[in-house]
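Input: a single structure, listed below in structure tokens.
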Amino acid sequence: MARQRIELAPAEAAELSRRARATTVPVRDRQRAEIILLSAQGLTQLRIAEQIGISRLSVNRWVGRFALHRLAGLTDRAGRGRKPWLPQVTVQQVLEQAVTPPPHLGRWSCRTMARAAGISPASVQRLWAASDIKPHLSRTFKLSNDKRFEEKFWDVIGLYLNPPDKALVLCCDEKSQCQALERTQPGLPLGIGHIRTKTHDYVRHGTLTLFAALNYLEGKLITRLAARHRHQEWLAFLKTIDDETPANLDIHIIADNYATHKHPTVTRWLDRHARFHMHYTPTSSSWMNLVERFFRDLTEFITEKSFASTRELADAIIAFLAARNENPRRYVWKAKGEDILRKINAAREALAVVQSRSNAISDTAH
């Protein structure tokens, strides 16, 4: 008997499409999602079975379960599969102790935890993976203490989400300490059967500072190389921007709170050039300046090479910048300001809890 055609709600179609495309879901879940999507397109069960490479009875089973229970019907019933054999006390020990490093180790590893719990390292790894516990990873962070954080935050975010008309939005900063490092011995090139090599030690031949202004709308860069990064060099860079941009456009510069950017000499120059508008990121919030993302690409380029002088370093940087401007790449800000602030507030609440616990422990110790 012909089965009624499956009709999908928008939310169901989106979830099934996600499962069908995902590479991190189990194969059986992806296969069941494909069955329902093909059925919703009007394909017969025989055609679906041939296309996916399973039996028609399997197609019939999952289409029927979806028709009765919708998305919940695609989940295996409880009780199926291998029964857990690890004692609950051991499982609790592995999960709870993972977040508290032992006093004699920097962190737990699968093997050290396995020895402490009396189980195999593979069992520890499975338990940690199931609970999304990753002792080997860490992230750096810094919450801003700027009293005008939200005011500056929305000022910068507003330029990204709603750029002003007849104006340029330039993300500006300096990358100091670009080091001309020369490896003490030449490395072996990459070849079939072996990786390339480089010595761990080097000779330092000096440093350069790159001043960069990233055009947010176009992805092109205005740059200037200098030996130092005082206010004199920053002012010279602002003059370069003034010379290389159309005179009829306002210029909105996003910069951090480095003292050089606010030097009295620089401030007086900005006052005389009304088309320049400065927008300072909150303290400890350089992640808001998209030019930092470009600096990461440049750092990877520099660290892979060897330079016998700062002249060689400068030539390499100039060549890299020229190629970058020939095929500019935009960094588009897509995150919503409300979502970012929600995460920041959650981090502050979590940090407050940790600090209160630390203070309580300190008071008890005294």
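Note that this is a predicted model, so its numbers are computed, not measured.
More than 12 non-hydrogen atoms from other residues, nucleotides or ligands lie less than 6.0 angstrom from CZ of R230. More than 12 heavy atoms of other shown residues, nucleotides or ligands fall within 6.0 angstrom of atom CG in D271. K220 NZ: 12 or fewer foreign heavy atoms inside a 6.0 Å radius. Around the CZ atom of R348, the shell of radius 6.0 Å holds more than 12 heavy atoms that belong to other residues, nucleotides or ligands. Atom CG of D165 has 12 or fewer heavy atoms from other residues, nucleotides or ligands within 6.0 Å. The number of heavy atoms from other shown groups lying within 6.0 Å of CD1 (I195) does not exceed 12.
Electrostatic pairing of D173 and K175 does not count as a salt bridge here, judged by no charged N lying under 4.0 Å from a carboxylate O. A salt bridge links R311 and D315; the closest N-O separation between the charged side-chain nitrogens and carboxylate oxygens is under 4.0 Å.
Expressed to the nearest 0.5 Å, how far OG1 of T44 lies from CG of L38 amounts to 10.5 Å. In this structure, I317 CD1 and T310 OG1 are separated by 10.0 Å, a value rounded to the nearest 0.5 Å. If you take NZ on K142 and OG on S286, they are separated by 10.0 Å, rounding to the nearest 0.5 Å. How far CD1 of I253 is from NE2 of H277: 10.0 Å, rounded to the nearest 0.5 Å. Taken from NE2 in H205 to OG1 in T207, the straight-line distance is 13.0 Å, to the nearest 0.5 Å. Here E300 contributes atom CD and T303 contributes atom OG1; the two are 7.0 Å apart, rounded to the nearest 0.5 Å.
A side-chain donor-acceptor contact under 3.5 Å links N325 to the backbone of L221. Proximity of a side-chain donor or acceptor of N289 to a complementary backbone N or O of C172 within less than 3.5 Å is detected. No donor-acceptor distance shorter than 3.5 angstrom exists from the side chain of R32 to the backbone of T75, with no hydrogens or angles considered. No side-chain donor-acceptor contact under 3.5 Å links D155 to the backbone of E151. Checked by atom type and distance alone, the side chain of T199 never pairs as donor or acceptor with a backbone atom of R183 at under 3.5 Å. The main-chain N or O of I35 is never found under 3.5 Å from a side-chain atom of S39 such that the two would form a donor-acceptor pair. With hydrogens and angles ignored, the 3.5 Å screen pairs no side-chain donor or acceptor of S131 with any backbone N or O of W128. Within the 3.5 Å criterion, the main-chain N or O of A9 finds a donor-acceptor partner in the side chain of E12.
The shortest distance between side-chain heavy atoms of K239 and R224 does not fall below 4.5 Å. A 4.5 Å side-chain heavy-atom check between D242 and W269 finds at least one atom pair inside the cut-off. In this structure the side chain of R293 reaches within 4.5 angstrom of the side chain of R329, judged on heavy atoms. Residues L270 and M278 have side chains in contact (heavy-atom distance under 4.5 Å, counting atoms from C-beta outward). Under the 4.5 Å side-chain criterion, counting only non-hydrogen atoms from C-beta, Q97 is in contact with W108. Considering only heavy atoms from C-beta on, L71 comes within 4.5 Å of F66 through its side chain. Residues V27 and R30 meet the side-chain proximity criterion, which asks for heavy atoms closer than 4.5 Å. Residues T260 and V266 fail the side-chain proximity criterion, which asks for heavy atoms closer than 4.5 Å.
Side chains of T245 and R275: a donor on one and an acceptor on the other come within 3.5 Å. In this structure, a donor-acceptor pair under 3.5 Å is absent between the side chains of T283 and K152. T184 and D201 are linked by a side-chain donor-acceptor pair at a separation below 3.5 angstrom, with hydrogens and angles left out of the test.
Residues P101 and L105 come closest through the heavy atom pair CB-O, 4.2 Å. Counting all heavy atoms, side chain and backbone alike, L127 lies closest to L95 at O-CD2, 3.7 Å. A pairwise comparison of heavy atoms in I6 and A67 identifies CD1-CB, 4.3 Å as the closest pair. Between A335 and I340, the shortest heavy-atom contact is CB-CD1, 3.9 Å. Closest approach of W62 to G73, counting heavy atoms only: CZ3-O, 3.5 Å. Considering every non-hydrogen atom in both S284 and S144, the closest pair reads CB-CA, 4.3 Å.
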Legend entry - Stepwise side-chain contact (heavy atoms from CB on, under 4.5 Å) test for L225 and I318: CA-CA 9 Å; L225 281 169; I318 291 171; 4.0 Å; yes
Inset, instruction - Evaluate side-chain contact (heavy atoms from CB on, under 4.5 Å) for I36 paired with L8, printing each intermediate quantity in order. - result: CA-CA 9 Å; I36 304 305; L8 298 178; 3.9 Å; yes
Inset, instruction - May I have the step-by-step check of side-chain contact (heavy atoms from CB on, under 4.5 Å) for I52 and V59, ending in yes or no? - result: CA-CA 10 Å; I52 298 180; V59 176; 5.8 Å; no
Inset, instruction - Any chance you could lay out the side-chain hydrogen bond (donor to acceptor under 3.5 Å, both in side chains) test for N257 and K262, step after step, and finish with the verdict? - result: CA-CA 8 Å; N257 293 274; K262 300 179 178 181; 2.9 Å; yes
Legend entry - Intermediate values then yes/no, salt bridge (Lys or Arg N to Asp or Glu O under 4.0 Å), R18 and E15: CA-CA 5 Å; R18 184 193 68 79; E15 174 60 19; 2.9 Å; yes
Inset, instruction - Under the side-chain contact (heavy atoms from CB on, under 4.5 Å) rule, what do F149 and S285 come out as? Steps first, then yes or no, please. - result: CA-CA 9 Å; F149 176 82; S285 299; 3.6 Å; yes
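The cluster map of Ile, Leu, Val, Met, Phe, Trp and Tyr, joined by side-chain heavy atoms under 4.5 Å apart, puts L208 and F307 in the same cluster. In this structure, F295 is a member of the same hydrophobic cluster as V169, with clusters built from ILVMFWY side-chain heavy atoms closer than 4.5 Å. F211 and L321 are assigned to two separate hydrophobic clusters, defined by single-linkage of ILVMFWY side chains at heavy-atom distances under 4.5 Å. Cluster membership check: L181 does not share its hydrophobic cluster with V203, using side-chain heavy-atom separations under 4.5 Å among Ile, Leu, Val, Met, Phe, Trp and Tyr. Under the 4.5 Å side-chain heavy-atom criterion for ILVMFWY residues, no single connected hydrophobic cluster contains both L214 and L238.
Note: W234 and H261 have tilted aromatic rings, judged against thresholds of 30 and 60 degrees for the angle between ring planes. Classification of the Y216-Y160 ring pair by plane angle, with boundaries at 30° and 60°, yields tilted.
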